[in-house]
Amino acid sequence: MNSDLFKKINQEIINCKKCSRLSKYINEVSKNKVKRFQNENYWGKPLTGFGDLKAEVLIIGLAPAAHGGNRTGRMFTGDSSGDWLAKVLYENDFANQPTSKTTKDNFTLKNTYITAAVRCAPPQNKPLKQEFENCFPYLEQEFKLLSNVKIIICLGRIAYDTCCKLLEIKGEKFSHGKIIKQKKYQIICSYHPSRQNTNTGRLTWKQWNSVFLIAKKILIS
Ligand code: SF4
């Protein structure tokens with residue numbers, strides 16, 4: 001059963017300590033909490049992917065945020081990137097509600113699975129090359145099990161590079177809204193909805209929404 005295999009991989013991910021720098025960092029962040037989350041218990045472990053195991057849409061992010069996913073225990077949950085992602089997924093019928101704040105909020109993905117290139121929050125959101133390599137086998141294993149995936153949305157150039165490695169795509173440069181066809185997949189590139197991009201206008205709501213409109217269009221075509 002796929003769900004048993006997912007459980008097995010997920011357990012392996014949660015217990016993983018392959019990257020000593022990151023294991024140390026997420027543990028420290030969980031102890032030295034920021035003021036606004038002083039009263040919360042941080043997750044402080046690697047994060048698994050989550051969503052519909054029969055999903056046709058796979059979203060690949062970079063890595064959890066120190067006080068977002070690393071705090072709440074779910075990717076894109078409890079930070080501003082998660083706010084943007086939950087809202088756009090809801091507005092395009094890929095989620096049941098427009099917010100993703102905690103693991104107890106009943107946020108459910110429809111026909112969508114969310115994962116990341118790296119599962120532990122890195123300092124300054126910058127994993128090292130070796131850390132990407134250490135974490136890559138988890139993505140490979142997840143991807144094999146997600147056999148219905150047709151569309152892959154890559155959030156940011158680094159997520160796209162990881163997807164290129166996964167699907168052996170060569171010579172296709174990243175640009176927002178670009179669609180690449182490879183094997184049975186359509187890969188859509190998007191800027192990451194980080195504050196750095198959304199607060200500066202590098203990624204507008206219209207540009208962001210357009211990525212999910214493309215995915216919807218491909219699904220019904
Ligand atoms: S980033 Fe991935 S490989 Fe490294 S410790 Fe975390 S889960 Fe393990």
Side-chain angles (χ1 to χ4, degrees), residues 2-34 37 40-53 55 58-82 85 100 102-103 109 112-146 149 152-169 174 187 192-196:
N2 259 10
S3 59
D4 291 335
L5 292 170
F6 262 105
K7 272 188 202 152
K8 197 169 164 271
I9 295 171
N10 288 345
Q11 205 47 57
E12 224 180 286
I13 292 170
I14 291 168
N15 294 331
C16 182
K17 292 198 184 331
K18 276 193 262 181
C19 311
S20 53
R21 184 186 80 116
L22 299 186
S23 300
K24 194 166 161 237
Y25 179 69
I26 58 176
N27 187 34
E28 275 167 10
V29 167
S30 309
K31 285 181 184 151
N32 306 315
K33 306 170 192 177
V34 285
F37 300 129
E40 296 201 19
N41 287 324
Y42 275 52
W43 169 254
K45 291 187 278 268
L47 292 186
T48 67
F50 77 102
D52 180 356
L53 304 186
L58 175 66
I59 298 174
I60 306 179
L62 167 61
H67 302 284
N70 184 54
R71 172 177 57 90
T72 60
R74 193 172 67 195
M75 287 186 189
F76 287 99
T77 300
D79 62 1
S80 81
S81 301
L85 184 58
S100 171
T102 76
T103 49
L109 294 169
T112 302
Y113 195 86
I114 297 178
T115 191
V118 168
R119 320 289 171 138
C120 294
Q124 280 93 45
N125 290 323
K126 285 188 182 137
L128 304 175
K129 191 172 173 277
Q130 185 61 54
E131 292 160 352
F132 281 109
E133 284 172 15
N134 290 349
C135 221
F136 186 69
Y138 295 131
L139 180 63
E140 274 185 312
Q141 290 177 61
E142 256 178 347
F143 189 62
K144 265 186 207 153
L145 294 176
L146 292 164
V149 167
I152 304 172
I153 300 175
C154 300
L155 303 183
R157 192 187 49 77
I158 296 172
Y160 172 66
D161 288 346
T162 303
C163 179
C164 290
K165 185 175 172 187
L166 190 67
L167 294 176
E168 297 167 338
I169 298 168
F174 173 93
I187 298 104
H192 191 283
S194 62
R195 262 192 217 281
Q196 215 180 0

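For ligands, and for the atoms within them, numbers begin at 1 and follow the listed sequence.
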So is R157 actually on top of F174's ring, under 6.0 Å and inside 45° of the axis? no
Can a salt bridge be assigned to the pair E140 and K144 using a cut-off of 4.0 Å between side-chain N and carboxylate O? no
Shortest non-hydrogen separation from S30 to G44 and the atoms involved: OG-CA, 3.1 Å
Sort by chain and number the protein N/O/S atoms found under 2.8 Å from atom 6 (Fe) of ligand 1. C120 SG
Relative to the ring of H67, is the ring of Y42 parallel (under 30°), tilted (30 to 60°) or perpendicular (over 60°)? perpendicular
Ring of Y138, cation from K18 - is the NZ or CZ under 6.0 Å from the centre and inside 45° of the axis? yes
Measure from the ring center of Y113 to the ring center of F143 and say whether it is less than 6.0 Å. no
